[in-house]
2 protein chains.
Amino acid sequence: MNKIPQATAKRLPLYYRFLNNLNHQGKKRVSSKELSEAVKVDSATIRRDFSYFGALGKKGYGYNVEYLLGFFRKTLDQDELTDVALIGVGNLGTAFLHYNFLKNNNIQIKMAFDAAKEKVGTDIGGVPVYHIEDLEDKMTGIKVAILTIPASEADGITNRLVEQGITGILNFTPARITVPDHIRVHHIDLAVELQALVYFLKHYPLSKED
Amino acid sequence: MNKIPQATAKRLPLYYRFLNNLNHQGKKRVSSKELSEAVKVDSATIRRDFSYFGALGKKGYGYNVEYLLGFFRKTLDQDELTDVALIGVGNLGTAFLHYNFLKNNNIQIKMAFDAAKEKVGTDIGGVPVYHIEDLEDKMTGIKVAILTIPASEADGITNRLVEQGITGILNFTPARITVPDHIRVHHIDLAVELQALVYFLKHYPLSKED
DNA sequence: AATAAGTCGTGATATATTTCACAATATTAT
DNA sequence: ATAATATTGTGAAATATATCACGACTTATT
Ligand SMILES: NC(=O)c1ccc[n+]([C@@H]2O[C@H](COP(=O)([O-])OP(=O)(O)OC[C@H]3O[C@@H](n4cnc5c(N)ncnc54)[C@H](O)[C@@H]3O)[C@@H](O)[C@H]2O)c1
Ligand SMILES: NC(=O)c1ccc[n+]([C@@H]2O[C@H](COP(=O)([O-])OP(=O)(O)OC[C@H]3O[C@@H](n4cnc5c(N)ncnc54)[C@H](O)[C@@H]3O)[C@@H](O)[C@H]2O)c1
């Protein structure tokens, strides 16, 4: 595809969500300056981001909310549904199941797996929980997994997911898992985020928000 | 302080944790190459990161695990305890309370707040839950907060936190909150992370891990 | 119709981060 | 001892990202 910078790609879902809000509020037009205040991204950065997709706005006017939203809906494939499996129905996994990302987007946790007998067979937030031994049977066709198991289990389960044909993993365990090159892993390391915040507070006082 | 790049600062807690692991395993030395494989960061980047703190290794040898660990312990202020308050004891907040980041570091959730009567007065994972109305009374001295309330409540609570003297917020709500310049906010937007992962899978196939 | 105000899209520039590649040095093997 | 091997620390180059600043165009106002 075209060359959308990764930094831009990471902001797209954010723009999408705020445009959706504006649309629900009945707003018809929006400037990069207004959007900037809402999402806390510099207005020049927003204009640059949008410009990778062509000229979406009008000089002197701004952007048409509905048009922009429709454009991003296509670009972000909001019309295709992506099914996701969640592995590890513990504290964190259970929170995700209750939340379910479905709310206003195109991503849905379709099934969950756990090793504990008492969790298997239940239904949390409308998502069935299967035994981890049934992973290979049940998970056919699912390409994305959320990992919320203990760190010690991460490598073993990852290998099974790779075998099964996964293409993306959102990893909440502190383990840095090893996968073949064609598989994408995003790590969200909550303890590291908290430590980094504290480090910044002590060592970079008064700096601006990030 | 000196000029540690932010990108480097964000990796420090990660290095620290892996060095800790190595130390527990009884390992005495480690090379940037080995560390690179463990944390999935290019070895040149690791050497560059370390070099901001001076010459911590020995050519032809690598790094002494114990020495490096001691160095980072001081640098990351692992000896000072940072107290944190959590606001919003719902699905996500409860998971964090059970986890408590205390486990192997210097950060501790000291108290939690919620608006729901049935949660107030309880004790989750050893952390007392107070009523949100008592925020100003109870929270004296605490400089960091984790926000796990509904998005609609984010602005109001943020203002109260700012009044109370907070300096850092880890915000899990989808709202982009507004704060004065001297306050640092890190957003962790789980829905955005998942959407971004899916976007990358569809539009950047076969690219390497990030 | 003319003027003023607002806003985009983007070339140019600034800043930040990563990676290459190699001299210098340490360790290990013979 | 000597040679072979390993590994750091860093200048230089490459890449990535953010921001400035302004011409061109749109809309609103008089
Ligand atoms: N809870 C948090 O706030 C938090 C914060 C940061 C990181 N994490 C990380 O997220 C992960 C999950 O944390 P948690 O608090 O939910 O832990 P948890 O212990 O509550 O949940 C883990 C779940 O995984 C299941 N499990 C264990 N082995 C399994 C296997 N082989 N296959 C399938 N399921 C298996 C367990 O039965 C349990 O239900 C951990 O790696 C933790 O370090 C959690
Ligand atoms: N749970 C998830 O997996 C998940 C994922 C992504 C984002 N989030 C975001 O995290 C936040 C929390 O999510 P959740 O699933 O835990 O929601 P939740 O509804 O389970 O919990 C919210 C809690 O906040 C409390 N609360 C409400 N108003 C309050 C106030 N004014 N002061 C103090 N407490 C108040 C409620 O009583 C409740 O206990 C939300 O903003 C949500 O969008 C959650």
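In what follows, every chain begins at residue 1, and chains take the letters A, B, ... in the order their sequences are listed.
In this structure, A/R29 and A/T8 both approach DNA chain D, and ranking their closest nucleotides by distance from the 5' end singles out A/T8. Of the residues near DNA chain C, A/A44 and A/Y61, the one whose nearest nucleotide (by heavy atom distance) lies more toward the 5' end is A/Y61.
Taking atom CD1 of residue B/I46 and atom C1' of nucleotide D/dT7, one finds them 13 Å apart after rounding to whole Å. Rounded to whole Å, atom P of D/dT17 lies 12 Å from atom CD1 of A/I4. Rounded to whole Å, atom C1' of C/dG6 lies 11 Å from atom CD of A/E34. Nucleotide D/dT8 holds its C1' atom 14 Å from the CG atom of B/L35, rounded to whole Å. In this structure, the NZ atom of A/K59 is 8 Å from the P atom of D/dT26, given to the nearest Å. Summarising the geometry, the separation between NZ on A/K58 and C1' on D/dT27 is reported as 10 Å, rounded to the nearest angstrom. In this structure, the CG atom of B/D49 is 12 Å from the C1' atom of C/dT19, given to the nearest Å. Residue A/Q6 contributes atom CD, which lies 7 Å from atom P of D/dT17 at whole-angstrom precision.
For C/dC8, one of the phosphate oxygens OP1 or OP2 lies less than 4.0 angstrom from a side-chain nitrogen or oxygen of A/S32. At the phosphate of D/dA6, neither OP1 nor OP2 sits under 4.0 Å from any side-chain N or O atom of B/Y63. Remark: B/K33 is not in phosphate contact with D/dA6, judged by side-chain N or O atoms under 4.0 Å from OP1 or OP2. The phosphate of D/dA18 (OP1 or OP2) has no side-chain N or O of A/T45 nearer than 4.0 angstrom. Taking only side-chain nitrogens and oxygens, A/R47 never comes nearer than 4.0 Å to OP1 or OP2 of C/dG6.
The residues A/D189 and A/R176 are annotated as salt-bridged, a charged nitrogen and a carboxylate oxygen being separated by less than 4.0 angstrom. Comment: B/E80 engages A/K202 in a salt bridge, judged by a side-chain N to carboxylate O separation of less than 4.0 angstrom. At a threshold of 4.0 Å, the pair A/R29-A/E34 does not count as salt-bridged, since none of the basic side-chain nitrogens sits closer than that to a carboxylate oxygen.
Remark: the backbone N or O of A/S43 is not paired with any side-chain donor or acceptor of A/R48 at under 3.5 angstrom.
Paired with A/F72 under the rule ring-ring contact (aromatic ring centres under 6.0 Å, His included), one option of A/F18, A/Y63, A/Y16, A/F50 passes, and it is A/F50.
The base of D/dT17 is not paired with the side chain of A/R48 by any donor and acceptor separated by under 3.5 Å.
Here B/F50 lies out of heavy-atom contact (under 4.0 Å) with every strand.
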